[in-house]
Amino acid sequence: MVAALASHSVAATSVPCLTESFGDVEMSAPVAGAVAVIHHGEGKFVEAGTVVLELESRTEQLDLERRSVQAEILKAELTRSETLLNSTSSISREEVDNKRGEYRVATIELELAREALSRRRVVAPFAGVVTLLPVEVGEYCQPPRVLLRLVDSRQFYAVANIDPAAAGALALGRTVPLQVGGDAMGRFEGRVVFISPVVDPASGLLRIKVLFDNPDSRLRPGVAGQLQLP
């Protein structure tokens, strides 16, 4: 929780850290194609599951419609066959089983068509702000080219590498203050969410992460700060 630091009676050790966004991802499409629609540009906040950008997908849409019609026809045929099997002897069980198999295959092909269409859309995996959109409508793109960058800065991490001896007073969930800059507006309090179970053999240091709320985007992740460890 963001809060001004109160005075602490317990001695604290100041260690340098670097702040990181809670969510920060560069996204690309898994297939090649021309950009058809950009729904949300740079600076726009989007919710998780929002389609941010679409590649040209007319072929995939037509195939989906075709598969959908086929599945509907086979479902109707299966229903009629099952009715005949239950009420008369004009159809064999083997024929009904074949109809079931055909309908099952059609439903699988329909799902594959839906998947092919979904691969033409870039969807936000979490809520955040579009901070980079280096493409334009009509531009042809191939993977793994980055199509957009999404950042969620409503929370942020402070990541530090500390002396293992200093980790003795730490525990998951413990409140840890952070100082960024020299004034009170750069003071935060967060909770420890990660303590590495191993020491880096090259540096002899232990990696920790502290999570902070940042609802008004007071802090722009990427800046350095000082964690006050007990």
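- Listed for the Arg67 side chain is no donor-acceptor partner under 3.5 Å among the backbone atoms of Leu62.
- Within the model, atoms CG of Asp216 and CG of Leu219 stand 12.0 Å from one another, a figure rounded to the nearest 0.5 Å.
- Using a 4.5 Å cut-off on side-chain heavy atoms (C-beta onward), Val193 and Leu172 make no contact.
- In this structure, the separation between NZ on Lys75 and CD on Gln70 is 16.0 Å, given to the nearest 0.5 Å.
- For residues 154-172, the pairs satisfying salt bridge (Lys or Arg N to Asp or Glu O under 4.0 Å) are Asp152-Arg154, with sequence neighbours left out.
- Evaluation of the side-chain contact (heavy atoms from CB on, under 4.5 Å) rule for Ser118 yields Glu115 as partners, not counting sequence neighbours.
- Relative ring orientation between Phe156 and Phe212 is described as parallel, the plane-to-plane angle staying below 30° on a 0-90° scale split at 30° and 60°.
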Report the C-alpha separation of Val129 and Ser153 in whole Å, then their side-chain angles, then the decisive distance to 0.1 Å, and conclude whether the side-chain contact (heavy atoms from CB on, under 4.5 Å) test is met.
CA-CA 8 Å; Val129 176; Ser153 59; 5.8 Å; no
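- A heavy-atom distance below 4.5 Å is not found between the side chains of Pro215 and Gln155.
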Salt bridge (charged side-chain N to carboxylate O under 4.0 Å, His left out) for Glu82 and Arg100? Distances and angles first, verdict last.
CA-CA 9 Å; Glu82 289 176 333; Arg100 289 195 182 106; 3.2 Å; yes
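- Considering only residues two or more places apart in sequence or on other chains, Glu20 meets the side chain to side chain donor-acceptor pair (under 3.5 Å) condition with none of them.
- Under the side chain to side chain donor-acceptor pair (under 3.5 Å) criterion, Glu26 pairs with no residue at all, not counting sequence neighbours.
- Leu170 and Leu206 fall within the same hydrophobic cluster, where Ile, Leu, Val, Met, Phe, Trp and Tyr residues are linked whenever their side-chain heavy atoms come under 4.5 Å apart, directly or through other members.
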Residue pair Val35, Leu53: steps toward the side-chain contact (heavy atoms from CB on, under 4.5 Å) verdict:
CA-CA 8 Å; Val35 178; Leu53 178 150; 4.2 Å; yes
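- Applying the side chain to side chain donor-acceptor pair (under 3.5 Å) criterion to Arg66, with sequence neighbours excluded, gives Asp63.
- By the rule that hydrophobic residues join a cluster once side-chain heavy atoms approach within less than 4.5 Å of another member, Val223 and Val176 end up as members of one cluster.
- Across all their heavy atoms, Pro143 and Pro30 have their closest contact at CG-O, 3.9 Å.
- Listed for the Arg120 side chain is no donor-acceptor partner under 3.5 Å among the backbone atoms of Ala29.
- Between Val180 and Gly225, the shortest heavy-atom distance links the atoms CG2-CA, 4.2 Å.
- For the residue pair Glu47 and Ala127, the shortest heavy atom distance occurs at OE1-CB, 3.8 Å.
- Residues Val151 and Val130 fall into different hydrophobic clusters, defined by Ile, Leu, Val, Met, Phe, Trp and Tyr side chains chained together at heavy-atom separations under 4.5 Å.
- The two residues Ala71 and Ala106 make their nearest non-hydrogen contact at CA-CB, 4.1 Å.
- Residues Pro164 and Gly204 come closest through the heavy atom pair CD-O, 3.3 Å.
- Ion pair Arg114/Glu111 flagged as a salt bridge, since at least one NZ, NE, NH1 or NH2 atom sits closer than 4.0 Å to an Asp/Glu carboxylate oxygen.
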Apply the test side-chain contact (heavy atoms from CB on, under 4.5 Å) to residues Leu227 and Val210: give CA-CA distance (whole Å), side-chain angles for both, the deciding distance (0.1 Å), then the verdict.
CA-CA 9 Å; Leu227 284 174; Val210 184; 4.0 Å; yes
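- Residues Pro125 and Ala48 come closest through the heavy atom pair O-CB, 4.1 Å.
- For Glu56, the side-chain contact (heavy atoms from CB on, under 4.5 Å) partners two or more places apart in sequence, or in a different chain, are Ala36, Arg58.
- Applying the side-chain hydrogen bond (donor to acceptor under 3.5 Å, both in side chains) rule to pairs touching residues 123-142 yields Glu139-Arg145, sequence neighbours excluded.
- Put simply, Leu117 and Val122 are part of two different groups of oily side chains (I, L, V, M, F, W, Y) that touch within less than 4.5 Å, one to the next.
- Residues Leu229 and Ile208 meet the side-chain proximity criterion, which asks for heavy atoms closer than 4.5 Å.
- Grouping the Ile, Leu, Val, Met, Phe, Trp and Tyr side chains by contacts below 4.5 angstrom, directly or via other members, places Val46 with Val137.
- Cluster partners of Tyr103, using a side-chain heavy-atom cutoff of under 4.5 Å among ILVMFWY residues and allowing indirect links, are Leu74, Leu78, Leu84, Leu85, Ile91, Val96.
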So Val31 and Leu55, side-chain contact (heavy atoms from CB on, under 4.5 Å) or not? Walk me through it.
CA-CA 9 Å; Val31 295; Leu55 300 181; 4.2 Å; yes
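- The closest donor-acceptor contact from the side chain of Thr19 to the backbone of Gly222 lies under 3.5 Å.
- A distance of 6.0 Å separates CD in Glu42 from CG in Leu132, rounded to the nearest 0.5 Å.
- Looking at heavy atoms from C-beta onward, Phe188 lies out of side-chain contact with Gln179 at the 4.5 angstrom threshold.
- Using a 4.5 Å heavy-atom cutoff, the side chains of Arg119 and Ser57 are not in contact.
- Taking Gln226 as the reference, Ser14, Pro16, Gln228 meet the side-chain contact (heavy atoms from CB on, under 4.5 Å) condition, with sequence neighbours excluded.
- Counting only N and O atoms by type, the side chains of Asn214 and Ser217 include no donor and acceptor under 3.5 Å apart.
- Side-chain contact check for Val159 versus Arg207: some heavy-atom pair is nearer than 4.5 Å.
- Residues Leu205 and Ile162 have side chains not in contact (no heavy-atom distance under 4.5 Å, counting atoms from C-beta outward).
- Apart from Val123 itself, the hydrophobic cluster it occupies contains Val51, where clustering links Ile, Leu, Val, Met, Phe, Trp and Tyr at side-chain heavy-atom distances under 4.5 Å.
- Side-chain contact check for His40 versus Val52: some heavy-atom pair is nearer than 4.5 Å.
- Between the side chain of Ser68 and the backbone N or O of Leu64, no donor-acceptor pair lies under 3.5 Å.
- Residues passing the ring-ring contact (aromatic ring centres under 6.0 Å, His included) test with Tyr157 are Phe22, sequence neighbours excluded.
- Arg149 meets the side chain to side chain donor-acceptor pair (under 3.5 Å) test with Asp24; sequence neighbours excluded.
- A donor-acceptor contact shorter than 3.5 Å links the side chain of Glu95 to the backbone of Ser92.
- Annotation: the span from Ile38 atom CD1 to Leu148 atom CG amounts to 9.5 Å, rounded to 0.5 Å.
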